Amino acid sequence: MATENPFKSILKTLERPDGGEFGKYYSLPALNDSRIDKLPYSIRILLESAIRNCDEFQVKSKDVEKIIDWETTSPKQVEIPFKPARVLLQDFTGVPAVVDLACMRDAMNNLGGNSNKINPLVPVDLVIDHSVQVDVARSENAVQENMELEFHRNKERFAFLKWGSNAFQNMLVVPPGSGIVHQVNLEYLGRVVFSTDGMLYPDSVVGTDSHTTMIDGLGVAGWGVGGIEAEAAMLGQPMSMVLPGVVGFKLSGKLRDGVTATDLVLTVTQMLRKHGVVGKFVEFYGEGMSELSLADRATIANMSPEYGATMGFFPVDHVTLQYLKLTGRSDDTVSMIESYLRANKMFVDYSEPQSERVYSSYLELDLQDVEPCISGPKRPHDRVPLREMKADWHSCLDSRVGFKGFAISKESQSKVAEFTFHGTPAQLRHGDVVIAAITSCTNTSNPSVMLGAALVAKKACELGLEVKPWVKTSLAPGSGVVTKYLQNSDLQKYLNALGFHIVGYGCTTCIGNSGDIDESVAAAITENDMVAAAVLSGNRNFEGRVHPLTRANYLASPPLVVAYALAGTVDIDFETEPIGVGKDGKKVFLRDVWPTNEEVAHVVQTNVLPDMFKATYESITKGNPMWNQLSVPSGTLYAWDPTSTYIHEPPYFNNMTMSPPGAHGVKGAYCLLNFGDSITTDHISPAGSIHKDSPAAKYLMERGVDRRDFNSYGSRRGNDEIMARGTFANIRIVNKLLKGEVGPKTIHIPTGEKLSVFDAALKYKGEGNDTIILAGAEYGSGSSRDWAAKGPMLLGVKAVIAKSFERIHRSNLVGMGIVPLCFKAGEDADTLELTGHERYTIDLPSSVSEIRPGQDVSVVTDNGKSFTCTMRFDTEVELAYFDHGGILQYVIRNLINARQ
């Protein structure tokens, strides 16, 4: 059981500069261990947490020693526990988290436990942000109209979250319309240093979205985890993690004129992807740091999932402190933060000689070498220098279907689709832009690129340029601060003139909330098989994500989004081809509308002011009229409505007893799906709109829901029945069992029937048959979506056999009781000549005590094949979850046993 903290002797008092004290803290220098001075700053945060939480039960002294000895232990894949200071949720993942907490209260109650013990034990910040569907665009009233539509669609979901904010202690809910979770986290929620009951400690956070890493730009250690892991952290369980290696990334020089932070982050993403940083921290340092604003750092940190790292970390320095003051943090708070971090050797002062830190590997970039670029057409790390874009586009048209190919025949590449747009003749060609969106916290948190985009719009308007009316343009800031400085600078009117009206404050196009494009445009695309393009300032452009009809999707800086909207096509060489013709009849080139760095810096300095942040976030705490008028039930146990199509009680705890079910193998399982490489959580998890012919649509129509009220999968994440039906429902998914056909179908092996994945899974379950999934490399890459694991579990999937897994997704599979297995190096389904028509048996010991992390197991098929896989339970804690049937069951039984 827990004991007194063995490190109490290093508990010190932090004095205020003017007398008095800030509070107590665990002092790393007081350990008098020279190894700590060489530790990366990111590892020091893990160390402090282990020391502060050491009770010789959940966190042990030997765990502290592992971290101090990081230089020796990190290459050995050792396990450590980590207790984050807080948990960050957004509504799409927050709803199922609150659903699970409500279910756990019911289960606790049914097992004779005290249901009120199910409460977050660390602060939980829940931001309702994924609620802006771009139904109305290019309108002065877009914000209000979209908000009213969202409240109409999501009233039940919003009310459920409001109930949760009242029913559970230690939970802050930020109402809809406030902004994007990661930008709100950066500008408002991030503490940097906590002061709780007289104890000072570094802020650290895990969030249910992989872009939680944005906060790393503020010097707060944060990363994405599965919703399942986050719920356990909320309930006081330590996160089990492998002590990561740290890549030291040295920055030097400064960006050239005309180069944006977005160009930098796409360059860094490509470099780190090539270097290989999966499962590692990346820590930035060097004299180039002084040239990067906090917003630039946050842009780089935001895209950690795209380059594959757990974190892209920027230690706190003077730039951080300036940003904290800019965003309205009090002088006393900033003084406390600086004093604590200096005292605990967690502050970087570039005016002083730097102690040499040790890293696992090293990279270096001269900022002078960064050039304008975009990424696409299907992956965020496929960077294309702007000067090469036209040639790259034509190569994509020529190349076979793949990440860089569309296989359009030469004779079809010049096709012109004629159509009528609201009575006006119009044309569409391959590469024409139909969606141009300034969206996503990646860039809307950065005043330099936002005001840069506005300056491009101003120059374009003054020259008489316009955007074609069928291009769906939109601007979705990550917080109300953006609106304030765009209005203060008198630049919003130019964005409006080009159709970039503000549509709302939240995630939009980047997560598939693009809304419909005009029917005439949609018909021109589908009837003529055109490769239409979307250009967005987001972080994700996986196929099928942005919009079902945009096969080519490019990530670009906000100023380039405006430029491509004006040009109307991605098939352009900006150096030699004009983006339009001015009112004087002269050709206008990109260089004619592009602002200088000095122009941008001047507008930023004169228009981005502390009072804007204070006013914006003071209003957040007051809510808004529509939110405040929501009536919600009282009571600590939720009254489930069996007729609800938004909130439904899932079956996770059905027939649960106090005895863990133990380990389970797989016997005679059929292959539900057979995949190649790079199957993302966008392919697996229900996302975007609900297709009219899908099993989810059928479920809703059977319950009297009109098609116009289907809403998105994200909005219905609190209903397991819908989410199970939407699992593997991506229209671009490629299943080898279909022999080349693309779409959300599979073959029911015993009968040979082609069915939806859900219907096939239901048939297997009805026959009493288990199923498995075969996959290639990087299975589960993409956003940290718990439904990418919950969905397969509900479909009856017992194991996934892949070449490799993305970190968060593998963890989520374990949390839901699914066995993750890896083929041996050099082997996969193809080399082993597995077709997916076999039946698979995986024998495991009946007791978890006989299984060790990383153990090899044999897989045998019914046609006599046998091969060895590595079982990817990476820690003893994960084995305990497996023993209990999942992480939530483990938590409930532990809470009840702790009471007895």
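What you see below is based on every heavy atom in this structure, not just the backbone, and it leaves out hydrogens, waters and symmetry mates. What you see is a predicted model, and the numbers here were worked out from it, not measured in a lab.
Checked against ring pair (Phe, Tyr, Trp, His ring centres under 6.0 Å), F313 has no partners two or more places apart in sequence or in another chain. In this structure Q58 satisfies the side chain to side chain donor-acceptor pair (under 3.5 Å) test together with K83, sequence neighbours excluded. Annotation: ring pair (Phe, Tyr, Trp, His ring centres under 6.0 Å) contacts of F281 (sequence neighbours excluded): W223. Residues satisfying the salt bridge (Lys or Arg N to Asp or Glu O under 4.0 Å) test with D828, not counting sequence neighbours, are K803. H664 pairs by the ring pair (Phe, Tyr, Trp, His ring centres under 6.0 Å) definition with F882, not counting sequence neighbours.
Within a 6.0 Å sphere centred on CG of D856, heavy atoms belonging to other residues, nucleotides or ligands number more than 12. Atom CD of E850 has more than 12 neighbouring heavy atoms from other residues, nucleotides or ligands inside a 6.0 Å radius.
A distance-only check finds a donor-acceptor pair linking the side chain of E56 to the backbone of S61 [under 3.5 Å]. In this structure, the side chain of N812 does not engage the main chain of G815 through any donor-acceptor pair within 3.5 Å. Looking only at distances, no side-chain donor or acceptor of T212 sits under 3.5 Å from a matching main-chain atom of G222. The backbone N or O of Y652 lies less than 3.5 Å from a partner atom in the side chain of Q889, making a donor-acceptor pair. Under the 3.5 Å distance criterion, the side-chain polar atoms of Y307 are matched with a main-chain donor or acceptor of I300.
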- [ ] Test side chain to side chain donor-acceptor pair (under 3.5 Å) on R342 and Y340 and set out the steps.
- [x] CA-CA 6 Å; R342 283 186 180 276; Y340 169 80; over 6 Å; no
Open item on the list: Using side-chain contact (heavy atoms from CB on, under 4.5 Å), reason through Q90 and H211 one step at a time and then give a plain yes or no.
Closed with: CA-CA 11 Å; Q90 36 76 273; H211 293 105; over 6 Å; no
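Using a 4.5 Å heavy-atom cutoff, the side chains of I10 and I51 are in contact. Here the side chains of V819 and I842 are not in contact, with every heavy-atom distance at 4.5 Å or above. In this structure, the side chains of R86 and L189 come closer than 4.5 Å at one or more pairs of heavy atoms. Between Y201 and V193 there is no side-chain heavy-atom pair separated by less than 4.5 Å. Within the 4.5 Å cutoff, the side chain of I67 has heavy atoms near those of the I43 side chain. Side-chain contact between P238 and I80 is absent, with no heavy-atom pair separated by less than 4.5 Å. Counting heavy atoms from C-beta on, the side chains of H809 and S781 never come closer than 4.5 Å. Between W70 and V246 there is a side-chain heavy-atom pair separated by less than 4.5 Å.
In summary, K790 and D720 do not engage in a salt bridge, as defined by a charged side-chain N under 4.0 Å from a carboxylate O. For the pair D63 and K60, the salt-bridge criterion is not met [side-chain N within less than 4.0 Å of a carboxylate O].
A ring pair (Phe, Tyr, Trp, His ring centres under 6.0 Å) with Y285 is found for one member of F314, F249, Y359 and no other, namely Y359.
Using a 3.5 Å distance cut-off with no hydrogens or angles, the side chains of S659 and T657 do not pair a donor with an acceptor.
Taking the six-membered ring for Trp and thresholds of 30 and 60 degrees, Y779 and F675 have nearly parallel ring planes, at less than 30 degrees apart.
Annotation: side-chain hydrogen bond (donor to acceptor under 3.5 Å, both in side chains) contacts involving residues 37-48, sequence neighbours excluded, comprise D37-K345, S42-E283, E48-R52.
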